[in-house]
Amino acid sequence: MIKDDEQHDAIQEAVLAKCSVQDGGISGTARLVDKEQDPCTIVIFGASGDLTQRKLVPALYRLYSEGGLPDSFLVVGTSRTEMGNDGFRDKMKKAIPLYCDLDRAMWKDFASRLYYHPVDYHEVSAFMSLRDFLEHIEEQNHLMGNRIYNLAIPPSLYKTTIQNLGQSGLSDQKKRKHGWIRVVIEKPFGRDLETAIDLNNTLRKNFDEHQIFRIDHYLARETVQSVLMFRFANSIFEPLWNRNYISNISIIAAESLGVEHRAGYYEEAGVLRDMFQNHMMQLFAMTAMEPPSLFEAERVRDEKVRLFRSLRPFTSVDQGEDVILGQYDGGIIEGTEVPAYRDEPGINPESLTPTFATMKVFVDSWRWQGVPFYLTSGKRMARKLTEIIINFKEVPHSVFRTVLGEHISTNRLIMGIQPDERITLTFQTKNPGARISLRSVTMDFNYLQNYKGPVLDAYEKVLLDVIGGDHMLFWRQDGIELTWAFLTPILEFCETCSDRSDRLFFYKSGTWGPEPAGDIMKSHDHKFQGKTDS
Ligand code: BG6
């Protein structure tokens, strides 16, 4: 449970008011998909890699075992590694049980749909050979030719792979008699505005926008999607969702993990590229966008883009004052000593790459004028925590001032994304007893309470939506460009200013970030002011 104002903590714990969930609308055996799915072939580029084994194939297997895939489907792995169908099947058989249970009978049928064909990403002839291979197995399996190309490859291979998909005719939907072709691409979508535009130009030369699915796995989280339902399916919150009632909004995505084995990538990316341009911007968009006229992919994405367009650009002064960057030092996480970022394997011992950032951003609109949004993300923080915190304004006039003084704690609404998937609302009520005193109480809704249906992991949801052709949870290019356009000046400033090393604040692993981050957020929330969570 999230603790509230210190003076009320003890009381609050004691009187936690639980809201009850009515079963209306929640089916105990909710179906995974409502409409018939098209038969298709899912081609995974990078099939010998980590993402395929850790996420993609386990997600496909789980979907399959829950009846979430079309009756006819094939999964074709491809990568540089020489391997046959059996080798690929064996590899996947070993990988899946690390993430979910493997049922022998189901595996047998699932495995019979797995194929493998090696590809050298730089050779167009290899893609032509893949094209012939795909046509052959599709014909054998009576598939219509719908295809998904999932690029689970290092970003450095995106361009050449996309170009070769084009040159070999694999991307050409128009020339084929039947079916659709879709391409799925993971972040990072470039490393700044220029490279993002360049990557997009390559994509668009070979695919139409409606064929492109740019993944942000945060968007596929149930609780992230639920932010829009919460805002737009209730009449009581939206009237308060503006500058008249909200004092500030904080969005935090804290991780206790460090850089792990991704030194090469992370040294180049840092937290701004790794978390802000994508996940943080999407959480921000869900929280701050205007209601679309219809819950439909293009209208939702239009509203997000409108919001990104109203982000107030940082001036060079703001960049120094309203963006705090940090890097983790050694410390203790869950009782275990962990090294400083600079001591991690593969990291430059003098690295200036930020692993933490907090920034204060404003939206220039009637709804949000003057309301700061504090976006914070970091590695090796006190614990894993993703939350959207809406801090409401103080009451305009305290009628209790003669008995209670001027201060009355403000209302706070927290949308917990992970690990606690819940919504809590804190408000004031009277303490029982003869004395007049207030207490903060919290209404607490657990997202999964009373729900017995299947819960989809983010990759399962992403794959389902690509098969269904639904773009709602994917980035559109204009959104990517606007968010890079907003962040690129900050990146340039942080990476080139003469006092770069003075602007990087170190924080102990296992804390809530560097001390100066607390200054940005001022009285905002005691939890984030550089203190270890208690
Ligand atoms: C990824 C980042 O996109 O998201 C990682 O590259 C980060 O650095 C991860 O750890 C966080 O995702 P999650 O699902 O663990 O919150």
Side-chain angles (χ1 to χ4, degrees), residues 46 49-52 54-56 58-59 99 150-156 158 184-191 196 213-227 251-286 325-328 333-334 338 341 344-347 351 353-357 375-388 415-422 447 455-463 473-475 479-480 483-484 487 491 509 513:
D50 198 44
L51 185 66
T52 303
R54 253 180 349 108
K55 299 277 186 195
L56 293 175
Y99 300 95
N150 198 316
L151 307 192
I153 47 179
S156 56
Y158 282 168
V184 183
I185 183 165
E186 296 263 346
K187 73 176 248 291
F189 312 108
R191 52 173 287 110
F213 290 75
R214 302 177 188 85
I215 297 186
D216 188 313
H217 78 278
Y218 265 52
L219 270 183
R221 291 230 156 84
E222 293 269 10
T223 31
V224 174
Q225 295 165 51
S226 151
V227 173
I251 301 176
I252 178 164
E255 296 182 75
S256 54
L257 286 179
V259 67
E260 299 180 280
H261 52 275
R262 301 195 301 157
Y265 155 75
Y266 201 86
E267 271 286 86
E268 288 295 308
V271 69
L272 293 176
R273 293 189 177 87
D274 187 48
M275 292 293 290
F276 276 74
Q277 184 276 326
N278 32 71
H279 310 321
M280 296 305 285
M281 282 291 143
Q282 285 291 354
L283 292 175
F284 161 70
M286 298 297 241
L325 301 176
Q327 191 189 84
Y328 64 80
I333 295 211
E334 287 164 10
V338 294
Y341 177 73
E344 298 270 22
I347 301 292
S351 171
T353 300
T355 61
F356 169 98
L375 310 187
T376 306
S377 180
K379 289 200 180 286
R380 285 281 191 237
M381 294 178 72
R383 64 188 153 89
K384 176 99 179 154
L385 179 76
T386 309
E387 275 183 355
I388 300 167
M415 291 185 273
I417 310 293
Q418 63 171 340
D420 295 330
E421 302 181 320
R422 61 200 325 147
Y447 187 69
V455 179
L456 293 182
D457 144 86
Y459 272 88
E460 291 172 51
K461 176 73 180 140
V462 161
L463 288 163
L473 303 181
F474 298 84
W475 278 93
I480 289 186
T483 47
W484 272 127
L487 284 172
L491 279 162
S509 287

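Just follow the structure's listing: the first ligand is 1, and inside any ligand the first atom is 1.
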Closer than 3.5 angstrom, by distance alone: can the side chain of Asp216 be matched with the main-chain N or O of Leu473 as a donor-acceptor pair? no
Select the closest option to atom 5 (C) of ligand 1 among Arg262, Met275, Lys384, judged by heavy-atom distance. Arg262
Sidechain N-carboxylate O distance under 4.0 Å for Asp50, Lys55: no
Sequence neighbours excluded, the answer for salt bridge (Lys or Arg N to Asp or Glu O under 4.0 Å) partners of Glu344 is Arg380
Please say which of Gln327, Lys379, Glu267 ends up in a side chain to side chain donor-acceptor pair (under 3.5 Å) with Tyr341. Glu267
Check whether any heavy atom of Tyr218 sits under 4.0 Å from an atom of ligand 1. yes
Excluding sequence neighbours, so at least two apart, what forms side-chain hydrogen bond (donor to acceptor under 3.5 Å, both in side chains) with Ser256? none
Can you classify the ring geometry of Tyr459 versus His217 as parallel (below 30°), tilted (30 to 60°) or perpendicular (above 60°)? parallel
List ligand 1 atoms under 4.0 Å from Lys379, heavy atoms only on the residue side. 5 (C), 7 (C), 8 (O), 10 (O)
Nearest-contact summary for atom 3 (O) of ligand 1 - protein heavy atom, Å: His279 NE2, 2.6 Å
Any idea which atoms of ligand 1 are less than 4.0 Å away from a heavy-atom of Gln418? 13 (P), 16 (O)
Without hydrogens or angle criteria, can the side chains of Glu186 and Tyr158 be said to hold a donor-acceptor pair below 3.5 Å? no
Please identify which of these residues, Arg221, Glu421, Gln418, meets the side chain to side chain donor-acceptor pair (under 3.5 Å) condition with Thr386. Gln418
If you scan protein heavy atoms around atom 12 (O) of ligand 1, the nearest is His217 NE2, 3.2 Å
Just need the protein heavy atom nearest to atom 14 (O) of ligand 1, so name the residue and atom and give the distance. Arg221 NH2, 2.4 Å
The atoms of ligand 1 lying under 4.0 Å from a heavy atom of Lys187, numbered in the order shown, are 1 (C), 2 (C), 3 (O), 6 (O)
Checking a contact table here: which protein heavy atom is nearest atom 10 (O) of ligand 1, and how many Å away? Glu255 OE1, 2.5 Å
Would you mind checking which non-hydrogen protein atom is closest to atom 6 (O) of ligand 1, with the distance to 0.1 Å? Asp274 OD1, 2.6 Å
Does at least one non-hydrogen atom of Glu260 fall below 4.0 angstrom from an atom of ligand 1? no
